[in-house]
2 protein chains.
Amino acid sequence: MKEKISQLKADMFKAIAHPTRIRILELLKDGELCVCEIFEKLNVEQANTSQHLAVLKKQDILKSRKEGLRVIYSIKYPEVIEILEIADKILKMQLDEALKAFGSTK
Amino acid sequence: MKEKISQLKADMFKAIAHPTRIRILELLKDGELCVCEIFEKLNVEQANTSQHLAVLKKQDILKSRKEGLRVIYSIKYPEVIEILEIADKILKMQLDEALKAFGSTK
DNA sequence: AAATTATATTAGTATATTTTAATATACTTT
DNA sequence: AAAGTATATTAAAATATACTAATATAATTT
C-alpha cells in the first residue's frame, strides 16, 4: 500500500523531471497558452512539444481545452508551481554552497 | 542559460522520481539512519539501496557521515521534505477528483 | 469539398535508468 | 593479520524515455 503511493508520487515527479517540461510549467505559471505559443517560446519542435504536453496531461498536471483550431493548456493544480519554487530555492542553496567551497582554500 | 537551469532542476527531480528513493526520503524525514536500517525497513537489497542512496547523494540531496563500520545518511536540505508534502497534497486532490468522477453518473 | 492551419500520433532509433548478481573496499574485532 | 561486518562498485541484461521524421486528425477558411 505504502509502496503504491510512493509509485504514484514517483510518477508525478517523473512527469516533471524534464527540462522542456519544467520550462512549459514555468511558462504556464502566469496563465494559459496554446501549443503554438508554447513551442515558439521554447524553440522546440511542435511534435516534441505535443509529446511533452501529453506527458504532463496524462499525469493530471496540466489540463487543456479546445478553442477553434487551437488547444490551450494550463496548470491544473497551482501547487505544482510551489514545488518548482522550492526546487529553485534548493538549487540556489546548492550552488551557493558549491561556490563557497572555492573560497575556502579548496 | 535558462535552459541550463531547467536542466539542473530536472536532474534534481529525476533523482527524487523513484519509489524507493521517495521512501528513503520519507524515512529520513525524522532524522538520520544508517544504510542497514534503511534497507531493512524498506525491504530492499543492500546493494540496490546503496545505489539509490548514491543517486540522492550525488544530487546533493542527502549527506552522509561515517561512524565506525556504518554510514549514516540524512537529508541535506529540509526543503526537500516540503516538496514531498506538496506532492502528497496534489496527489490527494487528484485521487479525490478521480473519485468524484464516479459519483457523477460516469 | 478542397486547401489550410494547429495539434496529435506513430514508428524507429538512440539513450538512459533500473535491477540483479557478483565482487570489491574499508573498518573492526579476534 | 585473519575473519567478520557494513557498505560500495561494477557489469550485464531488461526496461523505460526521448528525439526525429513522417503521417494522421480535426477544425477552419476559401
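Excluded from the calculations below are hydrogen atoms, water molecules and symmetry mates; all remaining heavy atoms, backbone and side chain alike, are included. Small disclaimer: the values here were computed from a predicted structure and weren't measured.
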Inset, instruction - Would you indicate what B/Tyr73 reaches in the nucleic acid, counting non-hydrogen atoms under 4.0 angstrom: base, sugar-phosphate, or nothing? - result: sugar-phosphate
Legend entry - B/Gln51 side chain reached by B/Thr20 side chain, heavy atoms, under 4.5 Å: no
Legend entry - Separation of atom CG in B/Leu69 from atom C1' in D/dG4, rounded to whole Å: 9 Å
Legend entry - Side chains of A/Tyr77 and B/Glu97, donor plus acceptor under 3.5 Å: yes
Inset, instruction - Over 60° means perpendicular and under 30° means parallel, so classify the ring planes of A/His52 and A/His18, tilted if in between. - result: tilted
Inset, instruction - Give a yes/no answer on whether the side chain of A/His18 brings an N or O atom under 4.0 Å of OP1 or OP2 in D/dC19. - result: yes
Inset, instruction - State which of D/dT7, D/dA18, C/dA8 makes the closest approach to the side chain of A/Ser50. - result: C/dA8
Legend entry - Donor-acceptor pair under 3.5 Å, A/Gln46 side chain vs C/dA8 base: yes
Inset, instruction - Give a yes or no on whether a salt bridge exists between A/Lys29 and A/Glu85, defined as a side-chain N under 4.0 angstrom from a carboxylate O. - result: yes
Inset, instruction - Nearest whole angstrom, please: distance from the P of D/dA8 to the CG of B/Leu62. - result: 11 Å
Legend entry - From C/dT5, D/dT20, D/dT5, nucleotide with atom closest to A/Asn48 side chain: D/dT20
Inset, instruction - Return no unless some side-chain N or O of B/Arg70 is found under 4.0 Å from OP1 or OP2 of C/dT28. - result: no
Inset, instruction - Please report, rounded to the nearest Å, how far the C1' atom of D/dA18 is from the CG atom of B/Asp11. - result: 15 Å
Legend entry - Any donor-acceptor N/O pair under 3.5 Å between D/dT20 base and A/Gln51 side chain: yes
Inset, instruction - Check whether any side-chain N or O of B/Lys66 sits under 4.0 Å from OP1 or OP2 of C/dA26, and answer yes or no. - result: no
Legend entry - For atom CD of A/Gln7 and atom P of C/dT18, their distance in whole Å: 11 Å
Inset, instruction - Round to the nearest Å and state the distance from A/Glu37 atom CD to C/dT5 atom P. - result: 18 Å
Inset, instruction - Could you check if a side-chain atom of B/Val80 sits within less than 4.5 angstrom of a side-chain atom of A/Ile86, using non-hydrogen atoms only? - result: no
Legend entry - 5' priority, DNA chain D, between A/Ala17 and A/Ala47 [closest heavy atom]: A/Ala17
Legend entry - Rounded interatomic separation in angstrom, taking NZ from B/Lys58 and P from D/dT9: 12 Å
Inset, instruction - With heavy atoms under 4.0 Å as the rule, sort B/Ala54 into base, sugar-phosphate or nothing. - result: nothing
Legend entry - Value in whole Å for how far the P atom of D/dA8 lies from CD of B/Glu45: 15 Å
Inset, instruction - Considering just the side-chain nitrogens and oxygens of A/His52, establish if one lies under 4.0 Å of OP1 or OP2 belonging to D/dT17. - result: no
Inset, instruction - Send over the distance from B/Arg65 CZ to C/dC27 P, rounded to a whole Å. - result: 15 Å
